[in-house]
Amino acid sequence: MKRTLLIALREYLENVKTKGFWLGILMMPLTLVLVGVMPQLVESAREAKTYAVVDHAGIMSDVREMILKDDFVWFLAKYDDEQLANSDMPTQIAQFLPELRALDDSERSVIANYILEDAGHDLNLSRRLNALLDTNRAAFNSWWRDLSPSEKAVFSPGISTNHFVESMVTAAVATQDTEKRLNQRVEDGELFAYFILEDDLFQISDHARYASNNLTDQSLENWLGGKVSRHIRNQRLKSSNLDDKTAAWISETVTFESVTVGADGTQEVSNDDIARQWAPLAFVFFLWMSILINTQLLLTNTIEEKSNKVIEVLLSSVSAIELMSGKILGIAATGLTIIASWATIFLLFFVALPSLVDARLPIDPTAIFGDITTLSLFLMYFVLGYLLYAALLVGLGSLCNNLKDAQNLIMPVQMIQIIPMLLLVPIIQDPNGSLAVTLSYIPPLTPFVMMNRTAGPPTDFEYASTTALLVVSIVIAFWFAAKLFRAGILMTGKPPGVREIWRMLRSPVTPMKSKSQPPH
Amino acid sequence: MNSIELNSVHKFFGDRHAVQNLSLAVPEGSVYGFLGPNGAGKTSTIRMIMSILYPDSGTLSVLGDTTPERVKDRLGYLPEEKGLYKKMKVIELITYFGRLKGLSKNEANLRATRLLDRFELSASRDQRCEGLSKGMGQKVQIISTIIHEPEVVILDEPFSGLDPINVEMVRHLILELRQQGRTVIFSTHIMEQAEQICDHILLINAGQKLLDGPIQSIKQQFDDTIMIEFQGDPSHFQMEGVTRVNNMGRNAELSIAAGKDKQQILRSLMDQLEITSFSVKEPSLHEIFVRTVGEHQT
């Protein structure tokens, strides 16, 4: 045991000096940055799309008004306090903005109508707010209408005119020529796309066209298409002699409130619950990466040591089993160090950093990662999963003299290692379904599938029985790996075929009967 | 008292019978040579003694223990194919191997320092192994083999690939170990080296023992040979009574059939060749080797 630990210690110290180790540690923050920051960076780096509309239907002025209003509602909800404070916004308006932000979406929409369209409102607001709104609504209206899209974008980057810019065309009459010119402008990159709204669009819904040389990016089409549809629908409702309220009621979409069913009945859903539901994905991914990285490290390390010719010197001091266990242990320690660093980095990133810069996160990370059960499961499944794959790979790897031979031999194991990634989404969508339950009992998949199912969660019986099965498989895998390792580690030349391996596996463990080629 | 005993040991690799019915006794404090051509079973035998391999049948006793794993710490082994951890520093590496042999960290470090000094490697103490020259690497490996002061030192083909200076160093080391009362086993297929250093030899071919025992008594089992220094046509050596000729150019070693008159043969040689010197001697190990292996193969 002392020698096993010595070997493990050396293995560990050697590994932490390698580039692979530090890359492994950096992978976590890199992934976090990629997942968390990149989409925003990409979004902000994206150029605004310019479009033109040939409006035979004569509805665009109304649609533009709708866009102005929708952006205003967005602004009320998402304005940036700091930017607003530095702007020339009249203070009498700025003073009641926080109260408007506190309203819900539909209430803000009513307020937008009230301010921008001089409509009435029936909201139950405080008398003070009512008074403020009443005095300032004209000023607010003209302030908003006078802002350029870029000025609006400063207050709230998400507004639509920051992303979609209309290029005005004056084409009252549809001519072949108009389209030709627009085509040319698209071709020149001047326009991202143009829309043609036929004059009978009110009657016939598909009398509209969208032309672009990029049909994969549908954001513009969806956005303006949505506004035009809404406008046409409103028009049709109006023409049916419905009053505004009935019309609004008819066009309301049904929304579902998401709740998770807890043990003690129904609970209201919070962002944290949604996060908890999806957290297994992140856990499975990191579990998978950790196991993959560490077993690969073990494999390359074994083969390198074999080609280094150090093995025989080591075997004169320790037994093959001690050597194998030492290696597996040392690399497990390396893996656990990487995971511990990830946890630290994660805490810094999500807990310490936001509180330093006073930023608010959409979810509370401690809701997921503070959960001691999930963390313990992660650790347990890392250790068990690693041990199983380590035994398989070190056994087969010891038969090879170079990585190329090894790649062929361990192909089946690698195929199995890919399966958990393919099953990620189906399992999380139905964590207690028969597919998920069945796969939990296949030992090489157990760690990933069970981790994937934590949101389910599986029953205690399932945890116990699958873990027992996994542990038994690990013992068997080690038994076989020891046989292969003893026979293989001193072998030179071509790796053995399936029949030869089978013969090695059938031989008793002690005393060793090496059926391999003679060393010299 | 024997350091190592083997009784009817067999070892198979697949269908190959690599070691066949080998019995052997290595006396304590002797320098014991395992001689034989490549593939004879020398390394397999050594690996069984080191419990790196296990015999398929037969028994083994090392330092009085029939479970050789238990005495690994008292053995030192330098394999033929020896490597170093390239990224480790010399001192770390030697200390590590010492600790694997059961030394404490301090003790291993202390002895490593002392041995590095003795082998004139103190300057390379903190160098990484990848930066060592071949000869320096060799010394580091030797230090790692003897750092725990083993009672039995086993060297597998210790001279192969060495330059004359390092051959000399290894030769000195073996003699020094003998002086300290340790048992040394080494394998080689170069007979001259064995002849110079060994007290005992094992001659093995194709897994079978041909001869073993003290080198002197083995030589006595063979007839004397005539060593001559000559000038002239070596075809004249082919005459009745001369069973084998080991022609080295200007020297030749002639094996004489039993019962033949050596004087008579010498006289007839002198008639046909110019003989500048001659002596009647015990056969060389080379001669014994070639003769025995030849007989064994026919």
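Defined by atom type and a distance below 3.5 Å, a donor-acceptor pair is present between the side-chain atoms of A/E11 and A/N301. Judged purely by distance below 3.5 Å, without hydrogens or angles, the side chains of A/T337 and A/Y12 pair a donor atom with an acceptor atom. Side-chain contact, A/E305 with B/Y85: a donor N or O sits under 3.5 Å from an acceptor N or O.
Figure legend: A/K17 and A/F21 shown without cation-pi pairing, the cationic atom not lying both under 6.0 angstrom from the six-membered ring centre and within 45 degrees of its axis.
Ranked by heavy-atom pairs under 4.5 Å with chain A, the list B/K87, B/M88, B/H148 is led by B/M88.
Contact of A/E304 with chain B is not made at all, since no heavy-atom distance falls under 4.5 Å. For a residue to count as touching a neighbouring chain, one of its non-hydrogen atoms must lie under 4.5 Å from one of that chain's; by this rule A/E322 does not touch chain B. Using a 4.5 Å cut-off between heavy atoms, B/L75 does not touch chain A at all. In this structure, chain B has heavy atoms under 4.5 Å from both the backbone and the side chain of A/I7.
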| request: Show your working on side-chain hydrogen bond (donor to acceptor under 3.5 Å, both in side chains) between B/D163 and B/N166 and close with a plain yes or no. | output: CA-CA 5 Å; B/D163 62 23; B/N166 282 307; 3.0 Å; yes
